[in-house]
Asker: 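I'd like to ask some things about the structure below.
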Amino acid sequence: MSNKLTKGKSIAIIGGGPGGLILARLLQMKGVMVKVYERDLDKNVRQQGATLDLHNESGLKALQDAGLMEEFIKNYRPNADLLRIVDRKGNILTDQHTILKDDTITFGHAHFRPEIDRGPLRTILIDSLSPETIIWNCQFVNMEPSGDGWQISFKNGNTVFADIVIGADGANSKIRPYMTEIKPFYSGITVIEGLIHDSAEKAPDIHALVKEGKVFAFGNDQSIILSSKGDGSTAFYFGFKAAECWTKTCGLDFTDREQLLSWFKEEYSDWGGIWDGMITSAENLFIPRPQYCMPFDQNWKAGANITMLGDAAHLMPPYAGEGVNMAMLDALELSQCLVNEDFDDLQTAIAFYEKQMRTRAAEVAMITMDSTAMLHSDEAIPFMTGVLS
């Protein structure tokens, strides 16, 4: 079933996120030899972060082609996509729970971007792969050209050979420098991430506000985003303008709840008291994340046996909800190119994929940066309420 471009060739995907896993699935469906090398110790590592909203034209399209929509429908969370827009005092301004009727919230509906927790999505993708496709506890260290392929070394001391390497290793990709020296630029926004376990009991006011969906709160050029998870927890993110070096110079210990609460009370002093409950009820670990974006005009010469997808290729802030969707669409388009016998060789196939990927990513990145700026401005609430109206 393999084709002339990949016949007899081994592919190493570095990174086992949604993009890397669905690429492996799509390639295996075409008979391609592929392994996924993932730094996590095993598949039981808990998945952090908010839920993922998948879009018809990208994430859901990739799942459809991978034959996984039935499993997705079994595991997605109805109504988790419903959004409330609130002001900094917690007053609800727009509520999709009331403006959208149950009978309109279906696949294909304009407002519908079905949500799924990261853990269940990862399980669906892992279970779709042939046994032993994923090699766990493989943190990439470096690689060197070896014949027509690559010799790859991992932190655990193992080395492997692959004819083709695909970087699906996220924002801090170790594969990207083998392809280009282009680096991301700072967006001007830093995010602090936290998680409240059993939020119904520990933070009932916050839990009721989220109502098993999402909350976007804006004010004073700042944002707070809350997202419910299927295990009863609530993830949250503070977004604010800061210098690029802020996380190193602020003096905060992000494992110290009291320090962070004092900082929050000062920096978000004009916000209502309801928000303090996020910090007092959360796990005693908060993750600062300066937000970066790749240049819109990035370009590089295609290699004959290496490429990348997702954040490794086109990192951008999360304020348009496109990250995982772009990665999954990358995977779909790359898989199609790698088995397309209309291309004379792999380098031509990779070049075609990368050109269309960069063009698409640049358009989305510009929209994302505009959205990032808008959501941290005086126009955030009018903008969002207008989008949802």
Side-chain angles (χ1 to χ4, degrees), residues 2 6-28 31-49 118-119 121-184 254-255 285 287-289 292 300 302-313 315 324 327 330-331 334-335 338 346-347 350:
S2 186
T6 58
K7 185 176 181 180
K9 295 185 182 296
S10 59
I11 295 181
I13 298 173
I14 310 299
L21 292 174
I22 201 162
L23 175 61
R25 163 69 175 181
L26 291 163
L27 290 174
Q28 284 189 342
V32 179
M33 294 186 295
V34 58
K35 293 286 187 182
V36 177
Y37 297 92
E38 168 56 40
R39 63 183 296 167
D40 284 348
L41 292 178
D42 56 49
K43 66 179 181 180
N44 298 315
V45 172
R46 185 164 55 117
Q47 294 296 292
Q48 299 281 2
R118 292 171 183 268
L121 178 61
R122 193 185 205 194
T123 297
I124 291 170
L125 296 173
I126 289 172
D127 289 349
S128 75
L129 299 175
S130 301
E132 301 182 1
T133 298
I134 304 173
I135 312 300
W136 300 98
N137 189 28
C138 285
Q139 182 175 345
F140 178 90
V141 174
N142 57 46
M143 63 185 190
E144 297 180 354
S146 176
D148 292 330
W150 297 91
Q151 196 72 26
I152 310 167
S153 298
F154 300 101
K155 190 175 180 180
N156 61 13
N158 292 342
T159 62
V160 299
F161 173 84
D163 294 291
I164 304 165
V165 171
I166 299 171
D169 51 341
N172 299 311
S173 173
K174 301 298 189 296
I175 302 301
R176 183 181 175 88
Y178 290 86
M179 298 177 56
T180 175
E181 296 180 352
I182 299 170
K183 298 184 184 303
F254 292 96
T255 65
L285 174 63
I287 305 171
R289 299 189 187 280
Y292 288 86
W300 60 81
N305 55 11
I306 183 171
T307 188
M308 55 185 168
L309 58 79
D311 283 351
L315 176 65
V324 71
D330 290 347
L334 176 56
S335 69
L338 292 178
L346 275 170
Q347 188 165 15
I350 289 171

Asker: Is R122 salt-bridged to D40, cutoff N-O under 4.0 Å?
Answerer: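 Salt bridge between R122 and D40, a charged N being under 4.0 Å from a carboxylate O: yes.
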Asker: Would you check if there is a donor-acceptor pair between the side chains of N305 and W150 at a distance under 3.5 Å?
Answerer: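 The criterion, which ignores hydrogens and geometry beyond distance, is satisfied for N305 and W150.
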Asker: Pick one: which of L121, T123, L129, D127 meets side chain to side chain contact (heavy atoms under 4.5 Å, CB included) with L125?
Answerer: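 Result for side chain to side chain contact (heavy atoms under 4.5 Å, CB included) with L125: L121.
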Asker: If you measure from CD1 on I134 to CD on E38, what distance do you get to the nearest 0.5 Å?
Answerer: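 So the CD1 of I134 and the CD of E38 are separated by 8.0 Å.
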Asker: Any chance you could measure L334, atom CG, to I11, atom CD1, to the nearest 0.5 Å?
Answerer: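 Here the rounded value is 7.5 Å.
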Asker: So, using side-chain contact (heavy atoms from CB on, under 4.5 Å) as the criterion, who are the partners of D148 when residues are at least two apart?
Answerer: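 None.
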Asker: Grab the two heavy atoms, one from L309 and one from G20, that are nearest each other, plus how far apart they are.
Answerer: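 It is CD1-N, 4.3 Å.
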Asker: Quick check for you: to the nearest 0.5 Å, what is the distance between I126 atom CD1 and T133 atom OG1?
Answerer: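 Answer rounded to 0.5 Å: 10.5 Å.
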Asker: Taking all non-hydrogen atoms of both residues, which atom of C138 and which atom of N156 are closest, and how far apart?
Answerer: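 Closest approach of C138 to N156, heavy atoms only: SG-ND2, 3.9 Å.
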Asker: Taking only residues two or more places apart in sequence or in another chain, which ones pass side-chain contact (heavy atoms from CB on, under 4.5 Å) with K155?
Answerer: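 Here the qualifying residues are Q139, V141.
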Asker: Quick one: side-chain contact (heavy atoms from CB on, under 4.5 Å) partners of D163, sequence neighbours excluded?
Answerer: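 side-chain contact (heavy atoms from CB on, under 4.5 Å) check on D163 returns K9, S10, F161.
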Asker: Which residues pass the side chain to side chain donor-acceptor pair (under 3.5 Å) test with W300, not counting sequence neighbours?
Answerer: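 Here the qualifying residues are E354.
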Asker: In Å and rounded to the nearest 0.5 Å, what is the CZ to OG distance from R25 to S130?
Answerer: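 The CZ atom of R25 sits 8.5 Å away from the OG atom of S130.
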Asker: Ignoring hydrogens, what is the shortest heavy-atom contact between V36 and A24? Give both atom names and the distance.
Answerer: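 V36 and A24 have their closest heavy atoms at CG2-CB, 3.6 Å.
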Asker: Which donor-acceptor pairs under 3.5 Å do side chains of residues 168-180 form with protein atoms, sequence neighbours excluded?
Answerer:
| unit_1 | atom_1 | unit_2 | atom_2 | d |
| --- | --- | --- | --- | --- |
| D169 | OD1 | S173 | OG | 2.7 |
| D169 | OD2 | S173 | OG | 3.3 |
| D169 | OD2 | K174 | N | 2.8 |
| D169 | OD2 | I175 | N | 3.4 |
| S173 | OG | I175 | N | 3.1 |
| S173 | OG | R176 | N | 3.0 |
| K174 | NZ | N172 | O | 3.4 |
| R176 | NE | I182 | O | 3.2 |
| R176 | NH1 | A312 | O | 3.0 |
| R176 | NH1 | A313 | O | 3.2 |
| R176 | NH2 | I182 | O | 3.3 |
| R176 | NH2 | Q298 | OE1 | 2.6 |
| Y178 | OH | M143 | N | 3.0 |
| Y178 | OH | M143 | O | 3.4 |
| T180 | OG1 | I182 | N | 3.1 |

Asker: Are the side chains of I152 and V165 in contact, using a 4.5 Å heavy-atom criterion?
Answerer: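 Contact flag for V165/I152 side chains = yes.
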Asker: Walk me through it: do K43 and W136 pass the test side-chain contact (heavy atoms from CB on, under 4.5 Å)?
Answerer: CA-CA 8 Å; K43 66 179 181 180; W136 300 98; 3.4 Å; yes
Asker: With sequence neighbours excluded, what pairs up with F154 under the ring-ring contact (aromatic ring centres under 6.0 Å, His included) test?
Answerer: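 Testing F154 for ring-ring contact (aromatic ring centres under 6.0 Å, His included), a comparison that skips the adjacent residues, returns Y37.
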Asker: To the nearest 0.5 Å, what is the distance between CG on L346 and CD1 on I306?
Answerer: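 Between L346 CG and I306 CD1, I get 13.0 Å after rounding to 0.5 Å.
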Asker: Could you grab the distance from atom CG of L338 to atom CD1 of I350, nearest 0.5 Å is fine?
Answerer: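 With rounding to 0.5 Å, CG (L338) is 6.5 Å from CD1 (I350).
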